[in-house]
There are 2 protein chains.
Amino acid sequence: MIETIISSKTKTVIIGPERPFTIIGERINPTGRKALAREMAADNYDRVVSDALAQVAAGAHMLDVNAGIPLADEPAIMAKAIKLVQSTVDVPISIDSSVVAALESGLEAYEGKALVNSVTGEDERLEAVLPLIKKYDAAVIAITNDETGISQDPDVRFAVAQKIIRRAQDYGISPADVVIDPLVMPVGAVNTAGRQVFQLLRRIQTELGANTTCGASNVSFGLPARMPLNATFIAMAIANGLTSAIVNPLHAEIKQTILAADVMMGHDENCMAWIKANRKEPEGVAGKPRERRRRRRERS
Amino acid sequence: MIETIISSKTKTVIIGPERPFTIIGERINPTGRKALAREMAADNYDRVVSDALAQVAAGAHMLDVNAGIPLADEPAIMAKAIKLVQSTVDVPISIDSSVVAALESGLEAYEGKALVNSVTGEDERLEAVLPLIKKYDAAVIAITNDETGISQDPDVRFAVAQKIIRRAQDYGISPADVVIDPLVMPVGAVNTAGRQVFQLLRRIQTELGANTTCGASNVSFGLPARMPLNATFIAMAIANGLTSAIVNPLHAEIKQTILAADVMMGHDENCMAWIKANRKEPEGVAGKPRERRRRRRERS
């Protein structure tokens, strides 16, 4: 059985095909969020704290923390953000950076077994990141591009995944500690993008024995009504073996679809999570009363 | 390639894994619809006509027509309903009855190549229905129960599907003209019901070379918020090879999910159907403006 075990000081999350789907909250990321970037650079973490609380309340099992702010001291900001999030909520963290020094600083500050986001198939990157994963006994998200970029050919992306898994094994890291991101292309540009990913997800699970994750929203880039497209994509990806995703759990449609997919995969025992989430809501309009309540709170 | 070709006088629908998903409108069915049953028994087909028009307008590719009214002359009603629906809309029809004489009367009245709903794995039923399928050059929905009832064991249901396919071949009917219904159990009662069906769908496609259909709503029986459960189930079933379903296309969430699944399967060329259906709607709230418009119409 493929199980990726991630932990905080007090909480363990197991990513795996026989487990409920793992929701990794994506919000703590200054990329494209100007106010958050400005605040974090100015040592103001109020929004980091409120985003952490809101995502966990909305059902995030883990939180992604990214500190990628241009010209800022990313390693220092990462360490501070990690400590603050860990003192605010008890869920495990995905330490997210393209800067190796920031990953190390995050790992140094982190208590528990972290998920590191990410390594690619580039040799330089593998040689820099994998020793850290081994040293800190972490797990790692592996993105299936390499020196040649992102291949449109899913077989090439599979080969990159295979390369990363093997290289990790050379460093003594188990395939269970490598979570593969098969990379989701916009289906508006590449008509076969969805099916490519579905096939890759099956192959990664059966042939490589690894868990998978993805940022789902890219699939709908450039199309109208992105939310139902993203939700449908996630349901279909889960049906093909996807075991986690980096998403915004505050999007009610995404959250609801993931809960429903857990029911359909037999991962919601006696449908208790579904019933709890939908107890007071009339048939077919789940999520709405809660939204109304939230809006009322915001007004007051 | 598995292709089930169904036609009306002027329109052909091809059910198949490389085609857009086939929506079979379920509404023209007096079971559980007292007003409709009363009207049809009294030779009033106004609601049949309006249901036909509404479902086709909402995107149904085919219509299921059932005339199962207790104590009524079902063969006569079936013939009349089939003729009326064929003179109202041009989509192909699924002739739906548990009474063999009503199926024959419907086939006699039908112009084109019909889908017959249904045969089971019961010997008596196979011997009565399959000769009709051959005689009228129709296709048939095969339900995976037999004399012993509906098995909880998906392997038994697969074996029933296999038996029906073989028996059909004995009558000179191609596997492409047998559309298998793997039977969906309520997931609230059988926790593994969803996964059972997903596996069956794959096996039916790869091992039997047949198309599939199902009535999806049974999956959510007894649970709250049934619509998002049904929609998620359909998306996941399509990801596992389901090629058609008998559903209500007037349910916006179901229709939207099927369109999104077509996009994800690469069956909506350049996403044109998705863009057309969602053109005027703001991001993330697809379906709502249309619902509001409908409600306004109903009030006026």
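Naming convention: chains lettered A, B, ... in sequence-line order (proteins, then strands); numbering from 1 in each chain.
- Within residues 203-212 of chain A, no residue has any heavy atom less than 4.5 Å from a heavy atom of chain B.
- Residues of residues 266-273 of chain A that come closer than 4.5 Å to chain B, counting heavy atoms only, are Gly266(A), His267(A), Asp268(A), Glu269(A), Asn270(A), Cys271(A), ordered by residue number.
- Chain B forms more heavy-atom pairs under 4.5 Å with one residue of Val219(A), Val187(A), Val190(A) than with any other, namely Val187(A).
- Of residues 229-239 of chain A, those residues with a non-hydrogen atom less than 4.5 Å from any non-hydrogen atom of chain B are, in numerical order, Leu229(A), Thr232(A), Phe233(A), Ala235(A), Met236(A), Ile238(A), Ala239(A).
- Nearest heavy-atom pair across Phe198(A) and Met264(B) is CE1-O, 3.8 Å.
- For the atom pair CD of Glu253(A) and CD of Glu253(B), the computed distance is 7.0 Å after rounding to the nearest 0.5 Å.
- Listed here is the closest heavy atom pair of Asn278(B) and Ala225(A): OD1-CB, 3.5 Å.
- Below 4.5 Å, heavy atoms of chain B meet no heavy atom from residues 51-62 of chain A.
- Side-chain contact check for Pro228(A) versus Thr257(B): every heavy-atom pair is 4.5 Å or farther apart.
- Of the two parts of Val197(A), neither the backbone nor the side chain holds a non-hydrogen atom closer than 4.5 Å to a non-hydrogen atom of chain B.
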